[in-house]
Amino acid sequence: MDNKSAPTVLVTGGSGFLGIHCVFQLLEQGYQVRTTTRSLKRKEEVIDTLKEAGVTNLEQLTFVEADLGRDDNWTEACTGCDYVLHVASPFPFKMPKDENELIKPAVEGTLRVLRAASSAGVKRVVLTSSFAAIGYSHKDSSLVLTEEHWTDANDVTISAYVKSKTLAERAAWNFVATDNGGMELTTICPRFILGPSLGNRFTTSLTVLQQLFDGSMRATPKVSYGIIDVRDVADLHLRAMTHPEAKGQRFLASSGDPMSFPEIARFIKAELGHEAQLVTTRVYPNWLIRLMAPFNPAAKGIAPNLGKRLISQNDKASKLLGWQPRSREEAILASIRSIQAL
């Protein structure tokens with residue numbers, strides 16, 4: 001790709017776990033890349049991380065300070081961009097007592113970016129949604145979940161995070177349906193994102209694995225997650241950004257069947273032996289998690305999903321976009337190697 005004529009792509013949240021992988025892959029493919037961070041104090045950290053990862057064309061990367069909670073600089077960030085990958089979104093380790101602390105910034109932040117992108121004439125926005133917007137509140141446990149399914153945001157049993165992702169994606173589709181600028185939208189709905197960290201900042205998912213690996217997690221809950229490697233989620237964003245058939249589509253990102261936390265713990269111990277001596281094989285009984293839920297935000301977030309194995313398909317991304325993700329086992333081991341390297 002000719003660097004001077006290469007399309008310009010905005011990545012929101014470029015210092016985050018997924019965001020920096022998107023920036024890395026875009027630069028590797030020769031795009032002009034602009035990224036937002038909430039503070040430009042993070043700029044040198046991002047540059048150093050990309051250098052360490054082997055990026056040599058950093059002159060094609062620029063930064064804009066922008067916060068999802070404020071209007072400032074979003075128009076500047078989007079102006080001159082051909083595409084936007086809206087990756088930034090709040091994902092706390094513990095659920096807040098007031099669900100609006102998550103819902104409001106998720107929904108309003110998404111609309112803030114879409115408004116700026118539309119007014120700037122951006123061709124397509126790829127929004128990082130979540131399996132949370134697809135796979136919860138369904139009563140049939142045998143249901144194979146696809147992009148056609150939606151979580152019911154009015155279900156009182158879902159967590160604040162699940163509700164925030166569902167409402168944010170709904171708001172995005174509603175915006176595009178009524179927008180007169182012709183901007184296209186594609187959404188990516190990944191399951192539990194693991195894989196290698198670029199740099200030393202961990203996302204919530206890696207923090208959970210770190211606590212498992214270092215022994216601070218004394219027992220594991222009987223909760224299962226579909227797993228996907230962060231490198232494959234970034235790759236799917238880039239494919240969805242330019243592929244003609246991705247226009248107006250949702251893509252579910254997962255690899256293989258779900259794994260429970262006890263299964264993940266046993267896998268790590270089996271693969272790493274003495275290195276994983278601190279990994280627990282104890283399992284929390286479901287009744288204890290449910291007992292803790294009214295008083296513990298983390299327990300409250302997982303209690304509705306105890307014992308459930310939500311099955312999903314990634315056939316659509318594979319067939320339409322030629323996407324082939326790594327195995328869930330490779331993603332887990334890459335996560336652990338990042339944790340060990342810290």
(request) Sequence neighbours left out, what passes ring pair (Phe, Tyr, Trp, His ring centres under 6.0 Å) with Phe261? Give chain and number order. (result)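 Per chain and number, Phe261 pairs via ring pair (Phe, Tyr, Trp, His ring centres under 6.0 Å) with Tyr225.
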(request) Would you check, one step at a time, whether the test side chain to side chain contact (heavy atoms under 4.5 Å, CB included) holds for Glu271 with Leu333? (result) CA-CA 9 Å; Glu271 286 292 316; Leu333 290 176; 4.0 Å; yes
[X] side chain near [Y] side chain, heavy-atom distance below 4.5 Å:
X      : Y      : answer
His86  : Thr128 : no
Leu26  : Val11  : yes
Leu209 : Ile264 : yes
Thr62  : Gln32  : no
Leu18  : His237 : yes
Val233 : His21  : no
Ile158 : Asp155 : yes
Leu61  : Leu50  : yes

(request) May I ask you to decide whether Arg326 forms a salt bridge with Asp232, counting only side-chain N to carboxylate O separations under 4.0 Å? (result)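 The answer is yes: the pair qualifies as a salt bridge.
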Anything under 3.5 Å between a donor and an acceptor, one on a side chain of residues 180-189, the other on a protein residue two or more places apart or in another chain? List them.
{"unit_1": "Glu184", "atom_1": "OE1", "unit_2": "Arg124", "atom_2": "NE", "d": "2.8"}
{"unit_1": "Glu184", "atom_1": "OE1", "unit_2": "Arg124", "atom_2": "NH2", "d": "2.8"}
{"unit_1": "Thr186", "atom_1": "OG1", "unit_2": "Ala246", "atom_2": "O", "d": "2.7"}
{"unit_1": "Thr187", "atom_1": "OG1", "unit_2": "Glu169", "atom_2": "OE2", "d": "2.9"}

Heavy-atom pair with the smallest gap, counting every atom of [X] and [Y]:
X      : Y      : answer
Pro262 : Lys222 : CD-CA, 4.4 Å
Val84  : Cys78  : CG2-SG, 4.3 Å
Ile228 : Pro190 : CG2-CB, 4.1 Å
Leu288 : Tyr284 : CD2-CD2, 3.7 Å
Asp229 : Ala331 : OD2-CA, 3.5 Å
Ala132 : Val162 : O-CG1, 3.4 Å

Check: [Y] main-chain N/O paired with [X] side-chain donor or acceptor under 3.5 Å:
X      : Y      : result
Glu65  : Leu40  : yes
Thr151 : Tyr136 : yes
Arg34  : Thr79  : yes
Ser224 : Arg309 : no
Thr12  : Ala88  : yes
Arg250 : Glu148 : no
Asp82  : Pro7   : no
Gln25  : Arg231 : yes
His138 : Asp140 : no
Ser335 : Gly195 : yes

(request) List the steps and the verdict of side chain to side chain contact (heavy atoms under 4.5 Å, CB included) for Ile227 and Glu329. (result) CA-CA 9 Å; Ile227 294 171; Glu329 290 82 5; over 6 Å; no
(request) Compute both the distance and the angle, then confirm whether Arg115 meets the cation-pi test with Trp74: under 6.0 Å from the six-membered ring centre, within 45 degrees of the axis. (result)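 No, Arg115 does not lie over the aromatic ring of Trp74.
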(request) Report yes or no: is the cationic atom of Lys316 (NZ for Lys, CZ for Arg) under 6.0 Å from the centre of the six-membered ring of Phe251, at an angle within 45° of the ring normal? (result)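 Yes, a cation-pi geometry.
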Supply the atom-to-atom distance [X] [atom1] to [Y] [atom2], rounded to the nearest 0.5 angstrom.
X      : Y      : atom1 : atom2 : answer
Leu194 : Met259 : CG    : CE    : 10.0 Å
Phe213 : Gln340 : CZ    : CD    : 4.0 Å
Thr280 : Leu212 : OG1   : CG    : 8.0 Å
Ser118 : Leu111 : OG    : CG    : 12.0 Å
Arg266 : Thr220 : CZ    : OG1   : 8.0 Å
Cys22  : Asp235 : SG    : CG    : 9.5 Å

Let me check something: do [X] and [Y] share a hydrophobic cluster, defined by ILVMFWY side-chain heavy atoms less than 4.5 Å apart, either directly or through other members?
X      : Y      : answer
Ile302 : Trp287 : yes
Val64  : Val125 : no
Leu272 : Leu278 : no
Val283 : Leu291 : no
Leu252 : Ile311 : no

(message) A quick test of your reading: do over 12 heavy atoms of other residues, nucleotides or ligands sit less than 6.0 Å from NZ of Lys104?
(response)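 No.
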(request) Give the C-alpha distance, both sets of side-chain angles, the deciding distance and a yes or no for side chain to side chain contact (heavy atoms under 4.5 Å, CB included) between Thr242 and Tyr83. (result) CA-CA 9 Å; Thr242 57; Tyr83 305 102; 4.0 Å; yes
(request) State which residues pass salt bridge (charged side-chain N to carboxylate O under 4.0 Å, His left out) with Glu45; sequence neighbours excluded, sorted by chain then number. (result)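 Listed in chain order: Arg42, Arg201.
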(message) Set out, in order, the CA-CA distance, both residues' side-chain angles and the distance that settles side chain to side chain donor-acceptor pair (under 3.5 Å) for Ser254 and Asn314, then state yes or no.
(response) CA-CA 6 Å; Ser254 186; Asn314 66 14; over 6 Å; no
(request) Report the C-alpha separation of Lys43 and Thr37 in whole Å, then their side-chain angles, then the decisive distance to 0.1 Å, and conclude whether the side chain to side chain contact (heavy atoms under 4.5 Å, CB included) test is met. (result) CA-CA 8 Å; Lys43 176 180 175 179; Thr37 57; 5.8 Å; no
(message) Let's go through Arg191 and Ser312 carefully: what are the C-alpha distance in whole Å and the side-chain angles of both, what is the deciding distance for side chain to side chain donor-acceptor pair (under 3.5 Å) to 0.1 Å, and is it a yes or a no?
(response) CA-CA 9 Å; Arg191 300 203 67 170; Ser312 60; 3.0 Å; yes
